[in-house]
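We count residues from 1, following the sequence as given. The structure presented is a predicted model; accordingly, all values stated were derived computationally and were not measured.
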Amino acid sequence: MQKIAPCLWFDTQAEEAAKFYVSVFKNSKILNVSRYGNEGQEIHGKKSGEVMVVEFEIDGQKFVALNGGPQFKFDEAISFQIPCETQKEVDYFWEKLSAGGQEGPCGWLKDKFGLSWQVVPTVLPKMLMEADRKKADRVMKAFLQMKKFDIATLDRAYQG
């Protein structure tokens with residue numbers, strides 16, 4: 001049993017976001033949708049029947065999406081990292097998750113809900129931990145100039 005499940009706070013888009021995420025990632029599904037009842041309306045301000053919580057799973061990792069109201073917004077202090085083996089994977093996740101969102105530097109993006117993601121080639125940490133600091137420094141210089149990572153460019157920098 002998974003001990004920790006990230007809870008993502010939305011204003012009203014929890015179900016829309018969960019459906020979006022399960023459409024992007026393989027082996028994903030909506031597990032449960034619960035709705036607000038009549039109790040507590042003076043506190044939460046939601047109508048009876050509106051979506052309260054959506055439980056969903058992305059490749060075995062459980063998440064909770066909560067429609068809690070407009071009080072809190074996502075920021076870059078929390079992000080989800082997607083390790084990618086190939087450029088095709090990098091391109092796929094970058095295209096899907098940045099659509100309607102915002103591209104950032106160094107493999108970071110915000111999706112259309114404002115949630116931050118890092119789309120990272122699995123080879124990058126290996127290159128940056130290289131004992132030959134000249135190789136690692138060239139890779140660092142190359143990736144600091146990128147938004148979406150380009151594995152071929154990283155490899156050329158690594159090779160010198």
Side-chain angles (χ1 to χ4, degrees), residues 1-11 13-33 53-160:
M1 178 180 215
Q2 182 176 308
K3 294 287 184 195
I4 298 174
C7 180
L8 307 174
W9 181 295
F10 296 89
D11 181 3
Q13 314 91 335
E15 188 172 31
E16 177 187 353
K19 287 179 178 178
F20 172 68
Y21 299 137
V22 300
S23 77
V24 171
F25 294 90
K26 294 177 183 175
N27 305 317
S28 302
K29 59 187 171 188
I30 302 288
L31 300 172
N32 188 31
V33 177
V53 171
V54 180
E55 295 174 340
F56 63 104
E57 187 175 282
I58 296 175
D59 202 20
Q61 170 72 45
K62 291 184 181 178
F63 291 83
V64 175
L66 167 70
N67 279 335
Q71 298 91 323
F72 302 109
K73 304 285 183 212
F74 296 120
D75 68 30
E76 292 82 358
I78 297 290
S79 63
F80 294 108
Q81 194 173 75
I82 307 167
C84 298
E85 294 289 331
T86 66
Q87 188 64 48
K88 185 176 178 180
E89 269 189 296
V90 169
D91 295 346
Y92 171 81
F93 286 114
W94 190 267
E95 177 188 329
K96 295 292 184 184
L97 292 170
S98 68
Q102 179 182 1
E103 295 181 354
C106 304
W108 288 65
L109 62 87
K110 284 187 179 182
D111 66 27
K112 61 186 173 183
F113 303 103
L115 186 60
S116 292
W117 298 85
Q118 298 175 56
V119 182
V120 182
T122 54
V123 70
L124 181 60
K126 295 171 190 171
M127 291 176 170
L128 293 173
M129 289 185 259
E130 168 66 48
D132 181 341
R133 291 309 313 157
K134 288 183 180 184
K135 286 183 172 186
D137 286 347
R138 287 193 305 264
V139 171
M140 175 73 79
K141 183 178 181 181
F143 98 70
L144 288 173
Q145 299 173 42
M146 297 178 185
K147 287 190 176 196
K148 179 180 74 171
F149 283 120
D150 181 301
I151 296 173
T153 300
L154 294 172
D155 189 54
R156 282 192 299 277
Y158 182 77
Q159 299 303 327

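- Here the side chain of N67 pairs a donor or acceptor atom with the backbone of A14 at under 3.5 angstrom.
- The pair K148-D91 meets the salt-bridge criterion, with a side-chain N (NZ, NE, NH1 or NH2) lying under 4.0 Å from an Asp/Glu carboxylate O.
- Residues V90 and I82 form no side-chain contact, since every pair of their non-hydrogen atoms from C-beta on lies 4.5 Å or further apart.
- In the displayed structure, I4 atom CD1 is contacted under 6.0 Å by at most 12 heavy atoms of other residues, nucleotides or ligands.
- Residue D137 holds its CG atom at 11.0 Å from CD of E130, rounded to the nearest 0.5 Å.
- In terms of heavy-atom proximity, W9 sits nearest to G69 at NE1-O, 2.8 Å.
- No side-chain donor from either of E103 and W108 sits under 3.5 Å from a side-chain acceptor of the other.
- In summary, the aromatic rings of F113 and F74 are positioned with their centroids too far apart to meet the 6.0 Å limit.
- Every residue two or more places apart in sequence or in another chain that forms a side-chain contact (heavy atoms from CB on, under 4.5 Å) with K29 is listed here: L31, E57.
- When every heavy atom of A5 is checked against every heavy atom of Q61, the shortest pair comes out as CA-NE2, 4.5 Å.
- Between F25 and F93, the distance from one ring center to the other falls under 6.0 angstrom.
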Derivation of the side chain to side chain contact (heavy atoms under 4.5 Å, CB included) call for E55 and K62:
CA-CA 7 Å; E55 295 174 340; K62 291 184 181 178; over 6 Å; no
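- In this structure, the side chains of V139 and L128 come closer than 4.5 Å at one or more pairs of heavy atoms.
- Pairing each heavy atom of K96 with each of F20, the nearest pair is O-CZ, 3.3 Å.
- Here the straight-line distance linking atom NZ of K112 with atom CD of Q13 works out to 10.5 Å at 0.5 Å rounding.
- Here the side chains of Y21 and F80 are not in contact, with every heavy-atom distance at 4.5 Å or above.
- Side-chain contact between D59 and K26 is absent, with no heavy-atom pair separated by less than 4.5 Å.
- Among all heavy-atom pairs drawn from V54 and A18, the shortest one is CG1-CB, 3.5 Å.
- Looking only at side-chain heavy atoms (C-beta outward), P125 and M129 come within less than 4.5 Å of each other.
- A distance of 8.5 Å separates CD1 of I151 from CD of E89, quoted to the nearest 0.5 Å.
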For ring pair (Phe, Tyr, Trp, His ring centres under 6.0 Å), just list the numbers for F10 and F72, CA-CA rounded to whole Å, side-chain angles, deciding distance to a tenth of an Å, and then say yes or no.
CA-CA 8 Å; F10 296 89; F72 302 109; over 10 Å; no
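- The structure places CG of L66 at 9.5 Å from CG of L8, a figure rounded to the nearest 0.5 Å.
- For the atom pair CD of E95 and CG of L109, the computed distance is 12.0 Å after rounding to the nearest 0.5 Å.
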Mind listing the side-chain donor-acceptor pairs of residues 114-123 below 3.5 Å, one per line with the distance, residues two or more places apart or on another chain?
| unit_1 | atom_1 | unit_2 | atom_2 | d |
| --- | --- | --- | --- | --- |
| W117 | NE1 | D111 | OD2 | 2.9 |
| Q118 | OE1 | Q81 | NE2 | 3.1 |
| Q118 | NE2 | S79 | OG | 2.7 |
| T122 | OG1 | E85 | OE1 | 3.4 |

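- Salt bridge annotation for K110-E76: present, with a cationic side-chain nitrogen under 4.0 angstrom from a carboxylate oxygen.
- No side-chain donor-acceptor contact under 3.5 Å links S98 to the backbone of G101.
- Taken from CZ in F56 to OG in S28, the straight-line distance is 8.5 Å, to the nearest 0.5 Å.
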